[in-house]
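Down below is the structure, laid out as structure tokens.
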Amino acid sequence: MQQISFKEDSTKNRISLEAMLNPSQWEAVAFREGSILVIAGAGSGKTLTLTCRVASLVNEGILPRSILLLTFTRKAAQEMLRRATDLLDNRCEKVSGGTFHSFANTILRQYAAEMGFPNGYAIIDRTDAEDLIGMIRKEMNFSSKIRSFPTKKTLMDIFSRAANKVLSIEDIVFMEYVHFSSDIETIARIHREYRSRKILHGFVDYDDLLIDLRNLLYEHAEICDKISLSYQYIMVDEYQDTNKIQAEILYLLSTANKNVMVVGDDSQSIYAFRGANFKNIMEFPKVFPAAKIIRLEENYRSVQPILTLTNMIIDRAVEKYSKRLFTQKKEGSTPILINTADEKNQSLFVVQTIYELNKRGIPFNDMAILFRAGFHSFDLEIELGREGISFKKVGGFKFMESAHIKDVLAHLRVLSHPHDRLSWYRILSLIDNIGPQKAHMIYERIAGEQAGYLSLVNNKFPSHIEKHIDRLKQFFMLLHTKNLSVCELGEAVLKYYTPALKKKFDDYPKRAKDLEQLVVIMERYQSLVAFLTDMALEPPNTSSENRLETDVSTDDRLTLSTIHSAKGLEWHSIFIIWALDGRFPSIHAIDNEASLEEERRLMYVAATRAKENLFFIYPQDIYDRSAGMRLSRPTRFLDDIPDEILEKRSEGIRDWSYDI
DNA sequence: GCCGGTTACCTTTTT
DNA sequence: GGTAACCGGC
């Protein structure tokens with residue numbers, strides 16, 4: 001990553017910007033009126049280019065608020081704006097930025113009435129959506145009898161794919177879930193019911209955020225005009241990972257000013273499973289005629305031996321824009337493919353090598369272990385724990401979706417969203433002797449009234465129910481009489497919930513700690529709705545030893561990450577574990593060319609994270625239970641690569657009882 | 001009728 | 001560690 005840092009007067013700034021960029025980068029930064037597509041290879045200074053363009057626009061006097069920077073995560077947006085601020089001044093902090101989803105939410109909150117939600121809406125995450133579907137499925141009686149009927153998770157998968165690819169439920173089932181073809185009627189019925197329930201309860205799921213924004217802009221010309229006029233320059237990062245709806249939103253947003261820059265790399269498209277279509281990149285010049293196209297092909301990250309290998313991995317892709325990255329960093333070590341006897345030896349090899357690298361002066365925070373799926377690192381986590389190496393893990397496990405967090409959030413959600421049936425059921429089911437039936441009965445009683453939790457407090461229930469919900473009533477009374485801050489609300493819920501927590505989980509001390517962390521997060525919020533929205537849209541996904549991370553400390557810790565969560569980042573040394581065919585590519589992907597190609601790009605993304613050292617490790621001879629077969633060869637993406645480009649080494653069975 | 005405990009089975013990636 | 005079907009007890 002090229003370093004940038006100075007604040008000078010504007011003339012000098014302009015000259016200096018030009019001096020710190022290569023000609024292609026500068027061309028992109030200096031581009032003004034019209035549309036432009038930047039094809040940016042891995043490590044080619046994409047972030048630097050976007051950052052400089054923001055700074056450059058602000059420096060010319062463009063109103064920061066009228067610059068819109070859409071990125072893949074909010075963190076990415078914040079990081080770019082922070083760097084732009086370093087480069088110029090704090091006007092850059094006022095630039096509009098975030099993910100498509102959070103941007104959609106910001107707009108939709110202002111037009112909730114036009115969407116059919118006069119009382120506002122609540123954002124539901126993936127598990128909430130699944131719970132709602134599970135509820136419908138049960139009520140419609142499709143749970144029992146039919147043996148292989150899709151689970152709520154699979155149903156949501158089908159619905160979400162249909163939404164993101166703008167296809168019908170039938171299309172998705174016939175194309176991707178052929179084995180459920182006979183249930184297609186029922187699936188479509190559940191889907192219709194799911195949609196009407198969301199409207200009934202004022203729920204908006206992730207996909208709805210995009211769809212509703214698209215519809216709002218599409219159906220209300222005057223709103224579309226107003227919004228598109230307010231954004232003079234629009235920039236979109238990671239364009240290869242946008243889907244059809246996002247492309248339509250972008251088009252609609254640009255109708256007034258038509259100043260659009262999209263940046264992406266078709267070779268790094270890894271989100272097709274959620275509807276992303278890298279053809280958006282190819283079609284950009286058609287949708288935005290006369291678009292300028294710029295390629296960034298000089299790589300500033302990796303040494304030549306790594307680049308030689310990664311170029312080779314991606315060269316074998318079936319379909320791609322042709323580009324070849326080059327670097328000035330000629331010297332460097334050859335990537336290595338290592339096989340170990342089993343998973344334990346894989347973990348031990350990684351731990352050992354990390355120790356050695358650290359002894360040679362590589363800080364832990366400049367090394368990362370990458371894997372295909374969250375659970376692939378479980379054994380390694382145990383080994384690291386044993387050796388006392390602290391690490392942070394990104395991706396995989398969803399902290400916000402764990403039961404105890406959802407329980408606490410449910411108590412908060414009904415305060416701002418009285419008709420949140422999911423949360424009411426959750427709260428009520430936590431109480432002894434109340435299950436689905438009684439919860440349903442109680443909910444029906446209070447749902448007709450507009451008073452929300454006060455309806456619960458003021459209603460008199462049959463005595464066999466009343467005696468159990470007494471404590472809940474008192475809890476809500478307390479909240480009602482006191483005017484508590486967000487953080488105090490959290491503490492009150494914790495106090496009420498702790499007995500249930502202890503009863504429900506035998507590992508409650510660990511979970512109690514999580515909840516305390518949650519309250520710490522709440523301290524940052526002035527409004528409950530803002531807190532709940534953030535928890536749904538930008539949940540913290542970093543944990544250390546499965547506990548939530550609160551401060552973004554810059555301490556010296558190793559990173560464990562899924563490849564998806566490692567996108568855009570870089571480290572001195574990279575270990576790609578489970579480079580085993582059947583694990584990577586995943587067994588689920590090998591009989592379908594499109595998914596196999598996505599796995600290849602995923603491998604490309606993983607390998608291009610490395611600056612100096614790149615290790616691929618695979619345990620030999622693993623029996624995969626779910627696949628019912630033996631996995632024994634290294635990933636096919638490294639087939640037939642000569643030894644001078646990829647060194648092969650076997651650690652075999654080694655006595656790892658070394659002394660530490 | 002309803003709740004809650006038990007058992008067998010599967011587990012990609014994320015806004 | 002989560003889901004869904006099943007069974008026993010109140």
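Computed from a predicted model, the values in this text were never measured in an experiment. Letters A, B, ... are given to chains in the order of the sequence lines, protein chains preceding strands, and every chain is numbered from 1.
If you measure from atom CD1 of A/Ile587 to atom C1' of B/dT11, you get 14 Å, rounded to the nearest angstrom.
Ring geometry, A/Phe637 versus A/Phe584: the interplanar angle exceeds 60°, so the pair is classed perpendicular (tilted spans 30 to 60°).
Ring-base stacking between A/Phe100 and B/dT15 is not satisfied when judged by a centre separation under 5.5 Å and a plane angle under 30°.
Residue contacts shown for A/Pro436 are limited to sugar-phosphate atoms, with no base heavy atom under 4.0 Å away. Residue contacts shown for A/Lys438 are limited to sugar-phosphate atoms, with no base heavy atom under 4.0 Å away. Nucleic acid contact class of A/Ile434 (heavy atoms, under 4.0 Å, all strands): sugar-phosphate only. At the heavy-atom level, A/Gly374 lies under 4.0 Å from the strands shown only through sugar-phosphate atoms. A/Ser102 comes within 4.0 angstrom of nothing in the nucleic acid, heavy atoms only.
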Criterion side chain to side chain donor-acceptor pair (under 3.5 Å) on A/Tyr194 and A/Asp205, from CA distance to verdict: CA-CA 11 Å; A/Tyr194 173 60; A/Asp205 69 19; 2.8 Å; yes
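Of the candidate nucleotides B/dG4, B/dT13, C/dA4, B/dG4 has the atom nearest to the side chain of A/Asp432.
No side-chain donor-acceptor contact under 3.5 Å links A/Glu248 and A/Gln246.
Side chain of A/Ser377 to backbone of A/Leu380: no donor-acceptor contact under 3.5 angstrom is found.
Judged by closest nucleotide on DNA chain B, A/Ala373 is the one of A/Leu537 and A/Ala373 placed further toward the 5' end.
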